[in-house]
Colleague: 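Sharing a structure with you now.
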Amino acid sequence: MKRRTLLGAALAGAVMTPALTSGIARAADPGPSVTLTGTTTLDTQAIFFVSYDGLVNNNSFQKNGLLSYKGYQYAVWYTADRNAVVGRRVLGSSTWSTVKVGHTLKADDSHNVISMGISKVDGRLHLNMDSHSDGFTYVKSVAGLVDNPGGLSWDTSRFGAPQSTLDGLALTSQFTYPQFISMPDGKLQLSYRVGISGNGRNAIAEYNGTSWTNLGEWQSSTGTYTSEHGSSTARNMYLHGIDYDKNGRLHSFFTWREQNGAVMCNGGGITNHDTGYVYSDDRGRTWRNNAGAVVGTTGGSDKVAVTDSGLVIDAINADHSLMNQESQFTDSAGLPHAIISYVPGRFGQCTTNYVADRTANGRAFHVRKNSSGTWQKTEIPVPLNSSQRTKLILDKYDNAYAIFPFCRIAGASKASGYTDWTVLYDGVTAGLNAFGEVVIDETRIAQDNFLSIMYQEKSSGTTPSALRNLNFRLPA
């Protein structure tokens, strides 16, 4: 492993400067806009409890809690009686049909989300659920279910029995953050973390239509990170996402979380630091830094580590309550974009309560690579008013949309270099009563140019509340 260094001063300067040269859109291209076309109700009595400041049915790091395929939309959640269900509807319909998949939520832990994936090679729907540093539950449908949704009944018989392995493949006893990734060749991958917060490793398994294979871990938790306050020798990499672009490149933004709180200025903060980026051109077998140098091999001895050079694209220490697992998206040219958020230095150089400080002074930033290969960063002028995460999507014209907690949407045009951020919809003034984080259908945008958002209404204690779905038409 090479010694960790930040990118050069020229790049750092570019990162901190709003982009005016990220590519000029055609004059005829419209700017960002959202038109609300309707709201559907998935469940009037979904389970409600607050854990880690979030809800189990609406943690934005779910991939995917909501997805679309071949004219149908699918959603997953836990009902008031703790049953895991999967629902589907014809796109444009307001009626959801639901199926119980034979599993009940085992703990009041908001990390125990349900994530979905589709293996196009055999038309199966896959679910992974109920895992936070322990085992998981896996369910898959019969072959062809999502290929012929109108011709096959939607009932329990279409799903296999819940499993504690991937069809017999045991991964780890400390499993968290399942993220299914549809591969360009129709296969399916499952990204997950081995270990615990502050001492974990990212890994990948792969499904070929017949069986699962564990490709192994690709990130190391070891090495020494030193800040001005102290050092840490263990950590985990939190992914902002893991996605293939249209050319088959696999992208992942991330932030590091240190195990030792000595690296931050105050114990009330959070040990997350730096925004990093890696990519893979061989389906996640090897990983490269921003300069294209190999920095890790999945399942090999050399893994991506905090000591590697060229990983950091936006440097920030652990004193600003940088959020983990925010959001990323790739544009029509395959260029990566991300949303990150933290408390900027103008509000002080030491956060002492990350929830209160992020709620009072947190801001989100749009980080992206432009066509010349330069990283650029723009602050979005919308206060977070929350400690929670913001989502990012791009429309077919590469306009950017930030979906904030409480279903607030801001947009910026590609033509401006993403400098004209404007609030387009405010779920607070609209009276949605949304709890906070929302789940986005990242797959639907490319299919029919709609933004679908799943949110849950605020409640108190453990009183169930409604789970709803908003649908916005994007520029045609």
Side-chain angles (χ1 to χ4, degrees), residues 49-56 59-63 105-115 128-138 164-166 169-180 190-205 214-227 230-242 252-264 267-276 278 296 298-299 303-308 311 318 321-326 354-355 387-389 437:
F49 59 85
V50 180
S51 157
Y52 296 95
D53 305 309
L55 304 181
V56 71
N59 256 317
S60 68
F61 57 73
Q62 288 176 256
K63 186 178 182 73
L105 179 66
K106 63 188 177 185
D108 285 355
D109 184 334
S110 66
H111 288 76
N112 290 8
V113 300
I114 309 174
S115 294
N128 193 296
M129 66 196 95
D130 215 352
S131 60
H132 187 195
S133 301
D134 55 10
F136 60 83
T137 296
Y138 169 66
S164 59
T165 64
L166 298 178
L169 176 65
L171 296 178
T172 172
S173 61
Q174 293 183 314
F175 179 100
T176 314
Y177 302 127
Q179 297 188 77
F180 287 108
L190 177 63
S191 168
Y192 63 98
R193 186 186 73 190
V194 179
I196 61 174
S197 175
N199 192 5
R201 289 92 59 201
N202 286 309
I204 296 178
N214 191 18
L215 303 183
E217 299 173 12
W218 59 271
Q219 171 251 313
S220 171
S221 60
T222 60
T224 299
Y225 168 78
T226 302
S227 74
S231 296
S232 176
T233 57
R235 68 206 45 83
N236 70 281
M237 173 195 285
Y238 276 117
L239 304 183
H240 292 311
I242 183 165
S252 190
F253 289 88
F254 64 88
T255 186
W256 295 106
R257 174 173 292 179
E258 298 299 323
Q259 185 178 57
N260 191 352
V263 301
M264 57 184 175
I270 194 167
T271 60
N272 297 340
H273 64 90
D274 295 328
T275 297
V278 290
T298 301
K303 299 178 176 65
V304 181
V306 74
T307 49
D308 284 332
L311 298 181
S321 294
L322 175 68
M323 181 48 65
N324 51 282
Q325 295 165 289
E326 205 115 28
Y354 83 90
V355 172
S387 64
Q388 297 172 306
R389 299 171 180 88
E437 286 186 10

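Computed from a predicted structure; not experimentally measured.
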Colleague: Counting only N and O atoms by type, is there a donor-acceptor contact under 3.5 Å from the side chain of Asn202 to the main-chain atoms of Met237?
Modeller: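 Checked: pair present.
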Colleague: Do Trp256 and Leu311 have side-chain heavy atoms sitting under 4.5 Å apart?
Modeller: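 Answer yes - side chains close enough.
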Colleague: Donor-acceptor pair, distance only, cut-off 3.5 Å: does the side chain of Asp130 make one with the backbone of Lys106?
Modeller: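 Confirmed, Asp130 side chain pairs with Lys106 backbone.
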Colleague: With side chains defined as the heavy atoms from C-beta onward, is the minimum distance between Ile270 and Arg257 less than 4.5 Å?
Modeller: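 Of all side-chain heavy-atom pairs linking Arg257 with Ile270, at least one is under 4.5 Å.
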Colleague: Which class fits the ring pair His111 and Phe61: parallel under 30°, tilted 30 to 60°, perpendicular over 60°?
Modeller: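 Geometry flag for Phe61 against His111: tilted rings.
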Colleague: Can you give me the closest heavy-atom contact between Ser133 and Thr176, atom names plus distance?
Modeller: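 Between these two residues, the closest heavy atoms are N-OG1, 2.6 Å.
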Colleague: Can you name the nearest heavy-atom pair linking Met264 to Gly269, along with the distance?
Modeller: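 What the structure gives for the nearest pair is SD-C, 3.6 Å.
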Colleague: Working to the nearest 0.5 Å, report the span between CZ of Arg193 and CG of Leu171.
Modeller: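 One gets 14.5 Å once the value is rounded to the nearest 0.5 Å.
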Colleague: Val56 vs Asp109, test: side chain to side chain contact (heavy atoms under 4.5 Å, CB included). Steps then yes/no.
Modeller: CA-CA 7 Å; Val56 71; Asp109 184 334; over 6 Å; no
Colleague: Any side-chain heavy atom of Phe136 sitting closer than 4.5 Å to one from Leu166?
Modeller: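 Heavy-atom side-chain distance check passes, below 4.5 Å.
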Colleague: Which heavy atom in Thr165 sits nearest to a heavy atom in Tyr138, and how many Å separate them?
Modeller: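 Looking at all heavy atoms of both residues, the shortest contact is O-CD2, 3.4 Å.
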Colleague: Any donor and acceptor pair, going by atom type alone, linking the side chain of Asp134 with main-chain N or O of His132 inside 3.5 Å?
Modeller: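 Checking the backbone N and O of His132 against the side chain of Asp134, a donor-acceptor pair under 3.5 Å is found.
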Colleague: Using a distance-only test with no angle check, is there a side-chain donor-acceptor pair under 3.5 angstrom linking Tyr177 and Ser115?
Modeller: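 Checked: Tyr177/Ser115 side chains show no N/O donor-acceptor pair below 3.5 Å.
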Colleague: Any side-chain heavy-atom pair from Asn128 and Phe175 closer than 4.5 angstrom?
Modeller: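 Yes, at least one pair of side-chain atoms sits under 4.5 Å.
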Colleague: Mind checking whether Leu55 and Glu437 have side chains closer than 4.5 Å, heavy atoms only?
Modeller: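 No - every pair of side-chain heavy atoms lies 4.5 Å or more apart.
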Colleague: Which one of Thr255, Asn272, Asn236 satisfies the side-chain hydrogen bond (donor to acceptor under 3.5 Å, both in side chains) criterion with Asn324?
Modeller: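 Checked Thr255, Asn272, Asn236 against Asn324; only one passes side-chain hydrogen bond (donor to acceptor under 3.5 Å, both in side chains): Asn272.
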Colleague: Could you work out, with salt bridge (charged side-chain N to carboxylate O under 4.0 Å, His left out) as the rule, every residue matching Glu326, not counting sequence neighbours?
Modeller: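 Testing Glu326 for salt bridge (charged side-chain N to carboxylate O under 4.0 Å, His left out), a comparison that skips the adjacent residues, returns none.
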Colleague: Passes side chain to side chain contact (heavy atoms under 4.5 Å, CB included), Asn59 versus Tyr52? Steps please.
Modeller: CA-CA 10 Å; Asn59 256 317; Tyr52 296 95; over 6 Å; no
Colleague: If you take all heavy atoms of Trp218 and Lys303, which pair is closest and at what distance?
Modeller: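 Here Trp218 and Lys303 meet closest at O-CB, 3.5 Å.
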Colleague: Ignoring hydrogens and angles, tell me if any N or O in the side chain of Gln219 forms a donor-acceptor pair with the backbone of Gly200 under 3.5 Å.
Modeller: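 Yes; at least one donor-acceptor contact below 3.5 Å.
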Colleague: Using modelled atom types and a 3.5 Å cut-off, is there a donor and acceptor pairing between side-chain atoms of Ser51 and backbone atoms of Ser110?
Modeller: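 Flag set: sc Ser51 to bb Ser110 pair under 3.5 Å.
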Colleague: Do you know which two heavy atoms are closest between Asp108 and Phe49, and how far apart they sit?
Modeller: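 Result for this residue pair: C-CE1, 3.2 Å.
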Colleague: Is any side-chain heavy atom of Ser231 closer than 4.5 Å to a side-chain heavy atom of Asn260?
Modeller: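 They are not in side-chain contact.
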Colleague: Measure the shortest side-chain to side-chain distance between Val263 and His273 over non-hydrogen atoms and say whether it is less than 4.5 angstrom.
Modeller: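 When only atoms from C-beta onward are counted, His273 and Val263 do not touch, as no gap falls below 4.5 Å.
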Colleague: Once you round to the nearest 0.5 Å, how far does OG1 of Thr233 lie from OH of Tyr225?
Modeller: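 Nearest 0.5 Å value for the OG1-OH distance: 14.0 Å.
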Colleague: Which heavy atom in Thr224 sits nearest to a heavy atom in Thr307, and how many Å separate them?
Modeller: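 Shortest heavy-atom separation between Thr224 and Thr307 comes out as O-CG2, 4.1 Å.
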Colleague: Sequence neighbours left out, what passes salt bridge (charged side-chain N to carboxylate O under 4.0 Å, His left out) with Arg235? Give chain and number order.
Modeller: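 So Arg235 forms a salt bridge (charged side-chain N to carboxylate O under 4.0 Å, His left out) with Glu258.
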Colleague: To the nearest 0.5 Å, how far apart are OG in Ser252 and CD1 in Ile242?
Modeller: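 One finds 5.0 Å between OG of Ser252 and CD1 of Ile242.
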Colleague: May I ask you to test the Ser232-Thr271 pair for a side-chain heavy-atom distance under 4.5 Å?
Modeller: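 When only atoms from C-beta onward are counted, Thr271 and Ser232 do not touch, as no gap falls below 4.5 Å.
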